2 protein chains.
Amino acid sequence: MDRNAKKKATIYDLSVLSGSSPSTVSAVLNGTWRKRRIAEATAELIQELAEKHQYTANLQARGLRRSRSGLVGLLLPVHDTRYFSSMAQTFEAHVRSRGQCPVVVSACRDPQEERAVVETLLSYSIEALIVAGATDPDGVHQVLEAAGVRHVNIDLPGTKAASVVSDNYTGARLLTEAVVRRAGSSRPLDAGDLHLFGGRDDHASRERIRGFRDARVDLLGADPDGCITATGYSPGTSQRAFEAVFARDGRLPRALFVNSSINLEGLIRFMAHHPDDAFADLVVGCYDYDPFGSFLPFPVIMIRQDVEAMIARAFELLEEPRPAPRIHLIRPDLVPPRTALRGPLDALKDEAPAEPQAAPRPRAAAPSLSDGRTATV
Amino acid sequence: MDRNAKKKATIYDLSVLSGSSPSTVSAVLNGTWRKRRIAEATAELIQELAEKHQYTANLQARGLRRSRSGLVGLLLPVHDTRYFSSMAQTFEAHVRSRGQCPVVVSACRDPQEERAVVETLLSYSIEALIVAGATDPDGVHQVLEAAGVRHVNIDLPGTKAASVVSDNYTGARLLTEAVVRRAGSSRPLDAGDLHLFGGRDDHASRERIRGFRDARVDLLGADPDGCITATGYSPGTSQRAFEAVFARDGRLPRALFVNSSINLEGLIRFMAHHPDDAFADLVVGCYDYDPFGSFLPFPVIMIRQDVEAMIARAFELLEEPRPAPRIHLIRPDLVPPRTALRGPLDALKDEAPAEPQAAPRPRAAAPSLSDGRTATV
DNA sequence: TCGCATTGCACAATCGATGGTGCATCCACT
DNA sequence: AGTGGATGCACCATCGATTGTGCAATGCGA
């Protein structure tokens, strides 16, 4: 209640209380006290006092002194995608299990913002950083290298640091093949019936486009122009791209390769404005897995990037003293339409009552919200 | 390249280089130099040197000295949900626009973890914290209050700090009404045909259940027992709950109120194992909006919590010197089936090429992945 | 009882930035 | 020349924790 924020206890407070010196207190509380031959009794006393006064170390001071912070960072392009949010979820679990503190920040795919965010993290003596989907991984690398901070690219590779990347070429081939097979099962598919939407000029998009083209040549015997539309990673732009093609051709292509779930959002925006028969025949392949995206009213074949494996590999690389700046490919999985996969949330302990329970009826008509503590906007 | 992480330049380095004292350098570089009557020429010299040597302040040292860090935190239960990931996205934009550094962490709905995470953040002299969907907001409050750190609950209210919460009662009524209307339009709906799944014993669930019950009585004239199954916020548990009801009744209820998109994931897991006719008649209302969830093959009416408004209000409250510990309700929106709403990603500048572009063909059959820098897993 | 090895701990420097205080210097004016 | 007020900056303590070093007290054997 008091605004007079009671200052947190410090080792100096405890040193006065215990009659020991600050250095002794410090040693006891950070576990190095045996090495410093502190008597067991002294240690116990200090630990009790610490407990009693709710001592917690000032990590800025510790970080300043040790020039390391216990922070491990994940730099994302954006949060609001199941691909990246599952990455954040997985990342946090990994960092926690190593007793460190995860920090997740996003940089909006803006190279300047990426650098700025990394500078900020560096100023907090971050210990390691996973750089996910960075627009300018090498620029970020430069900053991190100069500061001597370990880092690994993930999702989009750089040329100067180790990178963990989905096998986008193989994934795209698989996806294209699956889409062609599915769309061709009703009636023969023409090469011109298969379009790719989404992506920009980044490594992932290039590889996927390459896989798409190769598979199309192999399976449909041709690779006509005008069937690839780069829209960037933006739902709005994607929607407009679909609208444009629809306006031009009077219909959507029968088979779509959608470069990411963000672009798939563009497709459903399009969908919201068009009658169902625009989708009657449609088969979609989509890079990135989204559980609900897998259950749309038309068949959506997805590629699930193996986020768990990618993060695990990234942490292995962070362990290595001098990881080579090469690309580590992780094979993604093809996900048939209407498939509900488990995700990182399933790993959470005790997230729910052990067994589904019938909810108890409220004791009375307790208007728990109408007791004067509420307001409406 | 060098592993010998060149130490970052400090004000002491610059003080030697410039021939001024460290305090002068400090004043120049943090903008207080006019107040300290430093000569313009001195300031310019130091600024040039700083630029040249890429000086960036050690924020841990600054934080230690000033006992504030420029960090603003968001504590989430989980990342991997569009509701919370959109909250993170919105939060970051707000914090950035205030020139501070956003930090997003999750605590897995575990009260212990919540406290621990907050302790950690406190140790970094975090300046303010938004506590979202905390299982034990008052426990968290106690820790924060003791440290004198401003904070606001969001999504789930506490009794001791200001809270910004969706109007869950009204939202649930709206949603229930919409579901009943929709499901009843084909043939009359019986009160027993309407079940609620999901939630646990938290404020949001209680309010939603209250709204659900009230609406059901109003519209269907009864509120039979056994139609509410609390599953917690877990897809797996939800799935099992649907399976159990299905096993018992041989079918799903015709109308479902699903307490959150996490529970809706349980429904699609169920769906993946059952033939389509189990869903022929189904009408679902779901709390939380997920763009893809809105386009499932059966009608899904959703409630979109106004994350933008909630975050905005939360920041207003953080401004206030002593916000009262009351609940601020934000009205959520009813979202008809197959609706694609804009989200925080739409606010990102220049996320894509201005106009959809045809992708250029690769210059050659450049096997950019087969140049020896790759590996497959 | 002397000497030497432990044992147990205190001292003080240090990490980098901040900000209150105070001391020269210079100019203007009487 | 002497006084007074700017002007421009240096000095130093401080934030809290860490860690190398050193010294008193104790124990033990000779």
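Below, chain A is the first sequence line, B the second, and so on; all start at residue 1. Everything quoted here is computed from the prediction, not taken from an experiment.
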Engineer: Tell me whether the OP1 or OP2 atom of dT18(D) has a side-chain N or O from Ser26(A) closer than 4.0 Å.
Structural biologist: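 Yes, because at least one side-chain N or O of Ser26(A) sits under 4.0 Å from OP1 or OP2 of dT18(D).
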
Engineer: Base, sugar-phosphate, or nothing for Thr32(B), non-hydrogen atoms under 4.0 angstrom?
Structural biologist: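 Touches nothing.
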
Engineer: Given dA17(C), dG16(D), dA10(D), which nucleotide is nearest the side-chain atoms of Asn58(A)?
Structural biologist: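 Among the listed nucleotides, the one closest to the side chain of Asn58(A) is dG16(D).
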
Engineer: What is the nucleic acid contact for Ser67(B), judged by heavy atoms within less than 4.0 Å: base, sugar-phosphate only, or nothing?
Structural biologist: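 If one applies the 4.0 Å heavy-atom cut-off, Ser67(B) turns out to touch nothing in the nucleic acid.
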
Engineer: From CG of Leu59(B) over to P of dA17(C), roughly how many Å is that when rounded to an integer?
Structural biologist: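 Spelled out: CG on Leu59(B) to P on dA17(C) is 9 Å.
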
Engineer: What is the separation between atom CZ on Arg34(B) and atom P on dG8(D), rounded to the nearest whole Å?
Structural biologist: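 It works out to 11 Å between those atoms.
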
Engineer: Between the base of dT14(C) and the side chain of Arg65(A), is there any donor-acceptor pair under 3.5 Å?
Structural biologist: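 Answer yes: a donor N or O sits under 3.5 Å from an acceptor.
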
Engineer: Tell me whether the side-chain N/O atoms of Thr10(A) come closer than 4.0 Å to OP1 or OP2 in dG16(D).
Structural biologist: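 Checking Thr10(A) against dG16(D): no side-chain N or O falls below 4.0 Å of OP1 or OP2.
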
Engineer: Under the criterion side-chain contact (heavy atoms from CB on, under 4.5 Å), I'd like the reasoning laid out for Glu40(A) against Trp33(A): C-alpha separation, chi angles, the key distance, then a yes or no.
Structural biologist: CA-CA 9 Å; Glu40(A) 188 109 23; Trp33(A) 56 282; 4.1 Å; yes

Engineer: By nearest nucleotide on DNA chain D, pick out whichever of Arg36(B) and Tyr12(B) is the more 5' one.
Structural biologist: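 It is Arg36(B), whose closest nucleotide lies nearer the 5' terminus.
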
Engineer: Would you please classify the geometry between the His94(A) ring and the Phe315(A) ring as parallel, tilted or perpendicular, with 30° and 60° separating the classes?
Structural biologist: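 Rings of Phe315(A) and His94(A): parallel, as their planes differ by under 30°.
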
Engineer: Can you tell whether the side chains of Arg109(B) and Glu114(B) come within less than 4.0 Å, N to carboxylate O?
Structural biologist: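 Salt bridge: no.
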
Engineer: Does Arg96(B) come within less than 4.0 Å of Glu113(A), counting only side-chain N to carboxylate O?
Structural biologist: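 Yes, this pair counts.
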
Engineer: Are OP1 or OP2 of dA17(C) and a side-chain N or O of Tyr55(B) less than 4.0 angstrom apart?
Structural biologist: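 The answer is yes; a side-chain N or O of Tyr55(B) sits under 4.0 Å from OP1 or OP2.
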
Engineer: Look at all strands and tell whether Ser23(A) reaches a base, only sugar-phosphate, or nothing, counting heavy atoms closer than 4.0 Å.
Structural biologist: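 Counting heavy atoms under 4.0 Å across all strands, the contact made by Ser23(A) includes a base.
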
Engineer: Given 3.5 Å as the limit, does a donor-acceptor pair link the side chain of Glu92(A) with the main chain of Ser106(B), or not?
Structural biologist: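 Looks like yes, one N/O pair under 3.5 Å.
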
Engineer: What is the separation between atom NZ on Lys35(A) and atom C1' on dT18(D), rounded to the nearest whole Å?
Structural biologist: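 My rounded result for the distance is 11 Å.
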
Engineer: Distance check: side-chain N/O of Asn30(A) vs OP1/OP2 of dT18(D), anything under 4.0 Å?
Structural biologist: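 Yes, Asn30(A) has a side-chain N/O under 4.0 Å of OP1/OP2 on dT18(D).
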
Engineer: Expressed in angstrom and rounded to an integer, what is the separation of Leu64(B) atom CG from dG19(C) atom P?
Structural biologist: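 Distance, rounded to whole Å: 13 Å.
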
Engineer: Consider only side-chain N and O atoms of Tyr83(B) and Asp80(A), and report whether a donor and an acceptor are under 3.5 Å apart.
Structural biologist: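 Distance-only check fails for Tyr83(B) and Asp80(A).
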
Engineer: Round to a whole Å and report the spacing from NZ of Lys8(A) to C1' of dC15(D).
Structural biologist: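 About 13 Å, once rounded to whole Å.
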
Engineer: For the base of dG19(C), is there a side-chain donor-acceptor partner from Arg66(B) under 3.5 Å away?
Structural biologist: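 Flag unset: no donor-acceptor pair detected.
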
Engineer: May I ask you to verify if any side-chain N or O of Thr24(B) is less than 4.0 angstrom from the OP1 or OP2 atom of dA10(D)?
Structural biologist: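 Answer is yes, contact under 4.0 Å.
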
Engineer: Could you state the atom-to-atom distance from CD1 of Ile11(B) to P of dC15(D) in whole Å?
Structural biologist: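 So the two atoms are 17 Å apart, to the nearest Å.
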
Engineer: How close or far is atom P of dT18(D) from atom CG of Leu29(A), stated in whole angstroms?
Structural biologist: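 Whole-Å distance recorded here is 8 Å.
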
Engineer: Quick check: on DNA chain C, is the nucleotide nearest Glu40(A) upstream (toward 5') of the one nearest Arg62(B), or the reverse? Name the residue that is more 5'.
Structural biologist: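 Nearer the 5' end of the strand: Glu40(A).
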
Engineer: Considering only heavy atoms and no angle criterion, is a donor-acceptor pair shorter than 3.5 Å present between the side chain of Arg37(B) and the base of dG8(D)?
Structural biologist: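 A donor-acceptor contact between them is present.
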
Engineer: Expressed in angstrom and rounded to an integer, what is the separation of Gln60(B) atom CD from dG16(C) atom P?
Structural biologist: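 Computing the Gln60(B):CD to dG16(C):P distance gives 11 Å.
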
